[in-house]
Amino acid sequence: MKSSEIDRRRMHNSRLTGRSFDTPDQAVRWHGAMQAQDYVPAKWSVGQRAGNLVDEDLDSARAAGSIIRTHVLRPTWHFVARDDVRWMLRLTSPRVHQHNGPRYRQLGLDDKTLARCEGSIASALGGGNHLTRNAIAGALNSLVLMNGGIAGHWTRTLRGNSIKVEFLSYVDPKRGAQRALEAAAAGLGRFLGRPVTVETSRL
């Protein structure tokens, strides 16, 4: 087969020629996953394969969740159709995590820590919440670190002129760690000019 014929078939099978798709998710689903490391060129790549679309249509599709930009196949960004993302992540995530292993170890992210972070993120997104990346990072900021590991998470509630700090512990807190937590809460109270009470419970 001549190289020109190979080129023609590749262009046709990728829908750069011939019949185009009607929606962004149709184009993404046809390809399985589409490289999306650079967001603007990635949108244009989808747009070339779907007729009568404008730039905002790709943003709307991603906001609506019909296409998802996530890490799949390798530790870079890809567009994946919503209906394909779960099975594709199950298939490829072991390899991606293996590749990221050295970085996880450098950051002290063992399996237990990652599972707890995942639980915190799932809780923050519960009930149909839609959060930005920065908002999710804020949710993780409620985690409490002790001796280099995640010991639990905390919430604070304003009650009249006082503050209630609730600490949900993932491990049995040692006496010194509990004192450190109470000292940190007292510092918060001094900063805000309000008395603070601390309640600790074991998950």
Side-chain angles (χ1 to χ4, degrees), residues 39 59 62-72 75-78 80 82-203:
Y39 183 56
D59 292 329
R62 193 169 73 96
S66 62
I67 60 173
I68 296 172
R69 186 170 178 249
T70 186
H71 295 283
V72 67
T76 57
W77 293 100
H78 285 82
V80 181
R82 175 176 53 205
D83 295 340
D84 293 333
V85 68
R86 291 185 181 276
W87 72 260
M88 202 170 288
L89 286 174
R90 285 195 299 268
L91 180 67
T92 65
S93 61
R95 177 73 176 182
V96 173
H97 286 307
Q98 181 184 32
H99 179 88
N100 288 337
R103 181 59 174 164
Y104 292 162
R105 290 188 290 273
Q106 183 183 32
L107 297 173
L109 298 175
D110 56 19
D111 290 342
K112 185 180 293 186
T113 301
L114 289 171
R116 286 171 177 164
C117 289
E118 182 180 331
S120 296
I121 293 172
S123 177
L125 294 174
N129 287 334
H130 299 275
L131 300 178
T132 65
R133 187 175 184 177
N134 287 339
I136 291 174
L140 292 178
N141 284 339
S142 69
L143 297 176
V144 176
L145 301 178
M146 293 182 180
N147 298 320
I150 296 178
H153 69 270
W154 65 275
T155 60
R156 64 179 184 181
T157 305
L158 182 63
R159 291 187 169 181
N161 291 323
S162 65
I163 300 170
K164 179 183 177 182
V165 172
E166 296 178 272
F167 173 53
L168 182 61
S169 177
Y170 302 151
V171 296
D172 292 324
K174 297 181 180 179
R175 185 175 301 175
Q178 181 68 26
R179 286 199 299 266
L181 176 66
E182 292 171 353
L188 173 66
R190 288 192 298 273
F191 176 76
L192 297 176
R194 300 172 184 267
V196 176
T197 60
V198 179
E199 292 185 7
T200 301
S201 57
R202 179 73 161 84
L203 182 63

- Test side chain to side chain contact (heavy atoms under 4.5 Å, CB included) applied to Pro195 - qualifying residues, sequence neighbours left out: Ser162
- Return the set of residues passing side chain to side chain contact (heavy atoms under 4.5 Å, CB included) with Arg105 (not counting sequence neighbours), or none when no residue passes. Pro102
- Message: Does Arg194, at its CZ atom, have more than 12 non-hydrogen atoms belonging to other residues, nucleotides or ligands within less than 6.0 Å?
- Response: yes
- Query: Rounded to the nearest 0.5 Å, what separation is found between the NE2 atom of His78 and the OG1 atom of Thr92?
  - Reply: 9.5 Å
- Hits for side-chain hydrogen bond (donor to acceptor under 3.5 Å, both in side chains) against Gln106, two or more places apart or cross-chain, chain-then-number order -> Arg103
- Using the side-chain contact (heavy atoms from CB on, under 4.5 Å) rule, take Leu91 and Leu89 through it: C-alpha gap first, then chi angles, then the decisive distance, then the call. CA-CA 5 Å; Leu91 180 67; Leu89 286 174; over 6 Å; no
- Task: Calculate, to the nearest 0.5 Å, the distance between atoms CG and NE2 belonging to Asn100 and His71 respectively.
- Result: 8.5 Å
- Item | Contacts of type side-chain hydrogen bond (donor to acceptor under 3.5 Å, both in side chains), residue His97, not counting sequence neighbours | Tyr104
- Residues passing the side chain to side chain contact (heavy atoms under 4.5 Å, CB included) test with Ile68, sequence neighbours excluded, are Thr70, Arg82, Val85
- With sequence neighbours excluded, what pairs up with Asp59 under the side-chain hydrogen bond (donor to acceptor under 3.5 Å, both in side chains) test? Tyr39, Lys43
